[in-house]
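To start, the structure itself, in structure tokens.
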Amino acid sequence: MALVQMQPRPADANAVHRTVDDAMEAGPQVCDDMTVEVALAVMAGARMGRLLVCDEDGLCTGLVTQAQLTAVRDSAAYTDRVRLRDLLGDRGPVASPATTMAEAEHAMRYRRLDSLPVVDEQGSALGVLALAR
């Protein structure tokens with residue numbers, strides 16, 4: 001006789017198959033040539049704590065948060081000429097809309113991220129996936 005290990009079924013069978021597309025939020029997208037001050041003003045106007053940053057071709061180059069921009073603005077090296085592209089290093093991790101929520105949550109927790117840009121196959125920004133606090 002062979003032993004079979006049973007896995008409990010989730011209460012909602014569809015929860016296993018939820019994708020990033022089901023949970024992402026749309027948010028403001030700004031161009032990477034925007035200054036820090038203008039980006040902070042856009043965030044305030046949109047009442048959002050983050051912005052998707054895109055290049056001149058509309059491709060997502062990253063995500064900036066209000067905390068990041070405030071820290072830059074309050075630093076001694078800040079000038080009113082600092083642009084968002086000056087702040088973004090290598091393009092960080094992104095998610096596809098088809099990525100499962102379990103995969104995305106695991107990746108975000110492993111990298112200690114609270115939000116992740118969601119992009120299509122061409123790299124255009126679609127929205128943001130944010131961990132619930």
List for me each residue that meets salt bridge (charged side-chain N to carboxylate O under 4.0 Å, His left out) alongside E25, sequence neighbours excluded, and say none if there are none.
R50

Run the side chain to side chain contact (heavy atoms under 4.5 Å, CB included) test on V94 and V118 for me, step by step, so that the C-alpha distance in whole Å, both residues' side-chain angles and the decisive distance to 0.1 Å come before the verdict.
CA-CA 6 Å; V94 296; V118 180; over 6 Å; no

Would you sort out whether T79 and V82 count as a side chain to side chain contact (heavy atoms under 4.5 Å, CB included), showing the intermediate values?
CA-CA 6 Å; T79 71; V82 176; 3.8 Å; yes

Polar side-chain atom of D55 near backbone of D57 as donor-acceptor pair, under 3.5 Å:
yes

Heavy-atom pair of closest approach, residues S96 and V20:
O-CB, 3.6 Å

Could you report the tightest heavy-atom contact between L126 and D120, atom names first, then the distance?
CD1-N, 3.7 Å

With sequence neighbours left out, which residue pairs that include part of residues 63-76 fulfil the side chain to side chain donor-acceptor pair (under 3.5 Å) condition?
T65-Q68

Let me check something: any side-chain donor-acceptor pairs from residues 29-49 under 3.5 Å, sequence neighbours excluded? List them with distances.
{"from": "Q29", "atom 1": "NE2", "to": "A125", "atom 2": "O", "distance (Å)": "3.1"}
{"from": "D32", "atom 1": "OD1", "to": "R85", "atom 2": "NH2", "distance (Å)": "3.1"}
{"from": "T35", "atom 1": "OG1", "to": "V38", "atom 2": "N", "distance (Å)": "3.3"}

Which of these passes side chain to side chain contact (heavy atoms under 4.5 Å, CB included) with L63: L113, L52, L51?
L52

Heavy atoms, side chains only, cut-off 4.5 Å: are D21 and T99 in contact?
no

Quick check against the 3.5 Å criterion: does E105 have a side-chain atom that pairs as donor or acceptor with the backbone of A102?
no

Taking every heavy atom of L129 against every heavy atom of A23, the minimum-distance pair comes out as CD1-CB, 3.9 Å

Could you report the tightest heavy-atom contact between L116 and A95, atom names first, then the distance?
CD2-CB, 3.7 Å

